[in-house]
**Q** 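Below you will find the structure I want to go over with you.
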Amino acid sequence: MRPQLLKVSTGPRHSFSVRRDLVPYVNNRWHYHPEIELIHFKKGEGTQFIGDSIKRFKSGDIVMVGAHLPHYWRFDDLFFEEDTRLQADIRVAHFCENFWGEQFLHLPENIAIKSVLEKARRGLQITGKTRQQVAELLERLLKTDGSERIIILMEALNIIADCKQLSTLSSIGFKHDLVDAENDRVNAIYEYSLKNYKRKIQLEEIAAVANISPNSFCRYFKSRTRKTYSQFLIEIRVGQACKLLIENNLSIKQLCYESGFNNFTSFHKYFKMITGKSPLSYQKEFIA
């Protein structure tokens, strides 16, 4: 499934881009770009797709996405309601791997930065105290000009390179076809799935959304995502269950059905398979 090529503008005075987004729809397309992306969600939450990884994102998260790695952040529906009080607040930097010259990353002093940029080709979740440090540096980047911009970006990358709490997102085997122009199809599949995951989605139904036959859809989806459509839906439902567990507004049995599972046993099974924890253990990590 071909993502959309996004062209990132830097402007004549800058070698890389830094911006602040206050709307939830800037990143809500399956897209890629030759630039590396470093993004901080100061405010906002929803579902994150990076390569073949699906998980929830929330306020405070920082992610680094390597060059040409498809990604897509879909904010929750509440952010799009007309009278909502929720607001997205995002800082994002885009930079090419060689914007500071072809030989820069080959300097012996930059081995760690070169290594972390290579790891970012699968997407990296930045956690621990590093997350706050990088958030502060991205904030400074918004207000800085001149050569100090490059120094601050290098400082952020150096901190990330030293971080022991980086989580790789996409699987090592994920590949995407940049020749096959099917951007609209994957967006239609994702959008429909996110709007309807709480109920059973029939194969004929989602195949019609993709405008292909049911038999072709199964082969198509698995060949491009390395997972079945059923697995894809389960990951979305588990992500929603994680959100509901953190909010602590429902009993575990209630949120099982609210997140799209119709069987309490299978809910426990798939939740532990994907998160490595039971629902109760996961909830206790977030609620004192």
Side-chain angles (χ1 to χ4, degrees), residues 23-25 27-28 30 41-50 52-63 71-90 125 127 131 167 169 187-209 221 225 227-288:
V23 290
Y25 48 77
N27 293 292
N28 71 340
W30 180 241
F41 295 93
K42 189 169 184 178
K43 292 181 184 176
E45 60 180 39
T47 304
Q48 167 182 293
F49 301 84
I50 295 180
D52 57 2
S53 166
I54 306 170
K55 61 179 293 184
R56 293 284 304 173
F57 73 89
K58 62 186 183 303
S59 298
D61 280 0
I62 294 183
V63 177
H71 52 285
Y72 167 36
W73 282 280
R74 176 58 162 82
F75 279 76
D76 289 338
D77 288 341
L78 287 173
F79 283 84
F80 296 92
E81 291 181 359
E82 193 171 329
D83 58 348
T84 186
R85 294 185 179 181
L86 296 174
Q87 184 182 32
D89 193 359
I90 307 158
Q125 190 91 32
T127 59
R131 185 173 66 175
S167 175
L169 296 169
N187 276 294
I189 293 169
Y190 279 17
E191 282 292 319
Y192 194 86
S193 303
L194 287 164
K195 287 181 183 300
N196 296 282
Y197 68 87
K198 289 184 183 180
R199 62 173 179 83
K200 183 176 176 62
I201 300 175
Q202 300 293 338
L203 177 58
E204 294 77 11
E205 182 183 353
I206 192 63
V209 170
F221 194 84
T225 65
K227 62 184 75 177
T228 66
Y229 184 66
S230 296
Q231 289 172 315
F232 174 80
L233 281 178
I234 286 168
E235 289 180 30
I236 289 176
R237 289 167 178 158
V238 168
Q240 180 65 14
C242 290
K243 172 182 181 286
L244 296 173
L245 281 164
I246 293 168
E247 290 174 352
N248 197 27
N249 294 326
L250 300 171
S251 71
I252 290 180
K253 198 155 194 175
Q254 284 176 308
L255 68 86
C256 159
Y257 298 106
E258 185 63 25
S259 55
F261 289 94
N262 56 16
N263 181 294
F264 197 53
T265 303
S266 64
F267 166 64
H268 267 268
K269 172 188 169 184
Y270 289 121
F271 191 95
K272 190 161 189 179
M273 185 185 299
I274 290 170
T275 67
K277 304 177 180 71
S278 70
L280 194 58
S281 297
Y282 184 93
Q283 188 180 54
K284 283 179 178 176
E285 286 190 7
F286 290 91
I287 300 169

**Q** Roughly how far, to the nearest 0.5 Å, is the CD atom of E45 from the CG atom of L86?
**A**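 Rounded to the nearest 0.5 Å, the CG-CD separation comes to 7.5 Å.
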**Q** For residues 270-277, please give each side-chain donor-acceptor pair under 3.5 Å, one per line with the distance, not counting sequence neighbours.
**A**
residue	atom	partner	partner atom	Å
T275	OG1	F271	O	2.7
T275	OG1	K277	N	3.2
T275	OG1	K277	O	3.1

**Q** Look up atom NZ in K55 and atom OG1 in T47, then write down how far apart they are to the nearest 0.5 Å.
**A**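 Answer for the NZ-OG1 pair, K55 versus T47, is 12.0 Å.
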**Q** Could you check if a side-chain atom of I90 sits within less than 4.5 angstrom of a side-chain atom of W73, using non-hydrogen atoms only?
**A**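 The answer is no, as the side chains (C-beta and beyond) never meet within the 4.5 Å cut-off.
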**Q** Please lay out, stage by stage, how F261 and N263 fare under the test side chain to side chain contact (heavy atoms under 4.5 Å, CB included).
**A** CA-CA 6 Å; F261 289 94; N263 181 294; over 6 Å; no
**Q** Quick check for you: to the nearest 0.5 Å, what is the distance between K284 atom NZ and L245 atom CG?
**A**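 Atom-to-atom, K284:NZ and L245:CG are 12.5 Å apart.
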**Q** With the side chain counted from C-beta on, respond yes when I201 and Y192 share a heavy-atom pair under 4.5 Å apart, and no when they do not.
**A**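 A side-chain contact exists here, since the closest heavy-atom pair is under 4.5 Å.
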**Q** Nearest 0.5 Å, please: how far is CG in D89 from CZ in F41?
**A**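 If I round to the nearest 0.5 Å, the distance is 11.5 Å.
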**Q** Return the orientation label for the Y72 and Y190 ring planes: parallel under 30°, perpendicular over 60°, tilted otherwise.
**A**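 Judged by the thresholds at 30° and 60°, the geometry between Y72 and Y190 is parallel.
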**Q** For D77, enumerate each residue passing the salt bridge (charged side-chain N to carboxylate O under 4.0 Å, His left out) test, keeping only those at least two apart in sequence or located in another chain.
**A**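 Checked D77 against salt bridge (charged side-chain N to carboxylate O under 4.0 Å, His left out); matches are R74.
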**Q** Identify the heavy atoms of S278 and S281 that sit nearest to each other, and give their distance.
**A**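 Reported closest heavy-atom pair: OG-OG, 2.9 Å.
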**Q** Does F79 reach the side chain of V23, with side-chain heavy atoms less than 4.5 Å apart?
**A**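 No - every pair of side-chain heavy atoms lies 4.5 Å or more apart.
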**Q** Between F80 and F75, what is the shortest heavy-atom contact and its length?
**A**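 Heavy atoms of F80 and F75 come nearest at CE1-O, 3.4 Å.
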**Q** What I want to find out is whether D76 reaches R56 closely enough, with some N-O distance under 4.0 Å, to be called a salt bridge.
**A**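 Judged by the 4.0 Å cut-off on N to carboxylate O distance, D76 and R56 do form a salt bridge.
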**Q** Can you give the donor-acceptor pairs under 3.5 Å from side chains of residues 228-244 to other protein atoms, not counting sequence neighbours?
**A**
residue	atom	partner	partner atom	Å
T228	OG1	Q231	N	3.1
T228	OG1	Q231	OE1	3.4
Y229	OH	S193	OG	2.6
Q231	OE1	T228	N	2.7
E235	OE1	K227	NZ	3.0
E235	OE2	K227	NZ	3.2
R237	NE	Y197	O	2.7
R237	NH2	Y197	O	3.0
R237	NH2	R199	O	3.0
Q240	OE1	Y197	OH	3.3
Q240	NE2	Y197	OH	3.4
K243	NZ	E247	OE2	2.7

